[in-house]
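Since the structure comes first, as structure tokens, the remarks are kept for the end.
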Amino acid sequence: MITIDWNAFTPWSALAGGALIGLATVILLLLNGRIAGISGIVGGLFGRAAGETGWRLTFTLGLLAGPALWAAFHTLPPIQIEADYPLLVVAGLLVGLGTRYASGCTSGHGVCGLSRLSPRSLVATLMFMGAGFTTVYVTRHLLGG
Amino acid sequence: MHQSKLSLISAFAAGLVFSLGLLASGMANPEKVLGFLDLAGVWDPSLALVMAGAIGVGLPVFQLVGARREKWRGLSLIGENIQLPTRRDIDRPLVIGSLVFGIGWGLAGFCPGPAIVATGAGAIKAVIFTAAMLAGMGIFHLLSRRQASV
């Protein structure tokens, strides 16, 4: 049985924030003609393909600048990171390698790919969601976190 | 204004809006993401609604662009080439890579977008994660380049 955490569940801000993310993918698609997949945009910087580096850099700068713009009007929402440094390094390496081998992450496959009704992205999304659920089950409930 | 300059500005705007969306939805917070991935604990379904909101906006436009692309001669509104993925095969790197990504995601609660946004917010642990993630991406680049040259 699944028990919903009604205190933590934030349906309206989740939907509104999600719509903003969707809007961002639409801006990049309609204007730049590109997929807003973060791992592809950032990881693609290593390749330095002609004509592809500039927009990738400014997109990444936009991501980095978001909190400063937010903080100019509001206090920033909490960012709680439980993992210790060694775990962060291991997790970061896995996320970097995995998303590049999979040609996408939560944004590229999960949002853009599913919006394109891509079978590859559906498989990728089911795989990383399944692995995420399983990993948290193991660390929090089997190993006791 | 020169076309490519415009594309730099629109990409910055897209990144900024993406970042604000992650902050507004709570997804820049790993603890909230882990609350979604923890099905066996008390479950926070928020991430599912973030996906629904994003796809609800994205899907009609992606479908429209897919349908009109030839009519637009493959060009975006500011004259950039529209580049959409064409592959449809389910191969090993897609499956194994996604599983590896999912394990890392479950360990720290960070995927690439939120990690970069949290880095922008100045969270030191996010900087560590992002540095390791970039290292992983760099390793992939070196390995795939070596493979390509064999």
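Chain letters run A, B, ... following the sequence lines, proteins first and then strands; every chain starts at 1. Heavy atoms only: backbone and side chains are in, while hydrogens, waters and symmetry mates are out.
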Tell me, out of A:Val90, A:Asp84, A:Leu63, who's got the most heavy-atom pairs with chain B below 4.5 Å. A:Leu63
Heavy-atom closest contact (A:Val111 atom, B:Ala54 atom, distance): CG1-CB, 3.7 Å
Please look at A:Leu87 and chain B and tell me whether the side chain, the backbone, both or neither of the residue comes under 4.5 angstrom of a heavy atom of that chain. side chain
Side-chain contact, heavy-atom cut-off 4.5 Å: B:Ile139 with A:Phe46? no
Should we say atom OH of A:Tyr137 is surrounded by more than 12 heavy atoms from elsewhere, each under 6.0 Å from it? no
Criterion side chain to side chain contact (heavy atoms under 4.5 Å, CB included) on B:Leu20 and A:Trp70, from CA distance to verdict: CA-CA 7 Å; B:Leu20 296 177; A:Trp70 181 290; 4.0 Å; yes
Is there a donor-acceptor pair under 3.5 Å between the side chain of A:Glu82 and the backbone N or O of B:Pro30? no
For the residue pair A:Asn7 and B:Val42, establish whether any side-chain heavy-atom pair is separated by less than 4.5 Å. no
Nearest-0.5 Å distance that lies between atom OG in A:Ser13 and atom CE in B:Met27: 8.0 Å
Is it the side chain or the backbone of B:Arg69 that comes within 4.5 Å of chain A heavy atoms, both, or neither? neither
Mind ranking A:Gly17, A:Ala14, A:Gly22, A:Gly66 by heavy-atom pairs under 4.5 Å with chain B and telling me who comes out on top? A:Ala14
Quick check against the 3.5 Å criterion: does B:Ser76 have a side-chain atom that pairs as donor or acceptor with the backbone of A:Leu31? yes
Flag side-chain contact, heavy atom, 4.5 Å: A:Thr135 against B:Leu37: no
Output the distance between atom OG (B:Ser46) and atom CZ (A:Phe9), rounded to the nearest 0.5 Å. 5.5 Å
With a 4.5 Å heavy-atom cut-off, do B:Leu143 and A:Tyr101 have their side chains touching? yes
With a 4.5 Å cut-off on heavy-atom pairs, point out which of B:Leu75, B:Ile124, B:Ile96, B:Ile128 contacts chain A the most. B:Ile128
Show the numbers, then the answer: is there a side chain to side chain contact (heavy atoms under 4.5 Å, CB included) between A:Thr10 and B:Lys32? CA-CA 10 Å; A:Thr10 48; B:Lys32 192 158 174 70; 3.0 Å; yes
Heavy-atom side-chain contact between B:Asp91 and A:Arg120 under 4.5 Å: yes
Beyond-backbone contact of A:Ile4 with B:Pro45, side-chain heavy atoms, under 4.5 angstrom: yes
Which atoms of A:Ala16 come close to chain B, meaning under 4.5 Å heavy atom to heavy atom: side chain ones, backbone ones, both, or neither? neither
Using only atom types and a distance under 3.5 Å, with no angle test, would you say the side chain of A:Arg34 pairs donor to acceptor with the backbone of B:Asn81? yes
Calculate, to the nearest 0.5 Å, the distance between atoms CG and CG belonging to A:Leu30 and B:Leu64 respectively. 7.5 Å
Is A:Thr25 close to B:Phe18 at the side-chain level, that is, under 4.5 Å between some pair of heavy atoms? yes
If you compare all heavy atoms of A:Leu94 against all heavy atoms of B:Gly104, which two are closest, and at what distance to 0.1 Å? CB-CA, 3.9 Å
State whether a side-chain donor-acceptor pair under 3.5 Å links B:Glu80 with A:Asn32. no
Between CG of B:Leu84 and CG of A:Leu29, what distance do you get to the nearest 0.5 Å? 6.0 Å
Under the side chain to side chain contact (heavy atoms under 4.5 Å, CB included) rule, what do A:Phe59 and B:Phe12 come out as? Steps first, then yes or no, please. CA-CA 4 Å; A:Phe59 182 92; B:Phe12 179 79; over 6 Å; no
Which bit of A:Val89 comes within less than 4.5 Å of chain B, counting heavy atoms only: side chain, backbone, both or neither? both
When rounded to the nearest 0.5 angstrom, what distance separates CZ in B:Phe101 from OG1 in A:Thr99? 6.5 Å
Do A:Glu52 and B:Gln83 come close enough that some side-chain heavy atom pair is under 4.5 Å? yes
Is there a donor-acceptor pair under 3.5 Å between the side chain of B:Asp44 and the backbone N or O of A:Asp5? no
Working to the nearest 0.5 Å, report the span between CE of B:Met137 and CG of A:Leu45. 9.5 Å
Hey, is the main chain of A:Ala83 close enough, under 3.5 Å, to the side chain of B:Lys125 for a donor-acceptor pair? yes
Region of B:Ala48 that comes under 4.5 Å of a non-hydrogen atom in chain A: neither
Leading residue by heavy atom contact count with chain A [cutoff under 4.5 Å; candidates B:Leu22, B:Val33, B:Asp89]: B:Asp89
Evaluation steps, side chain to side chain contact (heavy atoms under 4.5 Å, CB included), between A:Ile21 and B:Val17: CA-CA 7 Å; A:Ile21 293 170; B:Val17 173; over 6 Å; no
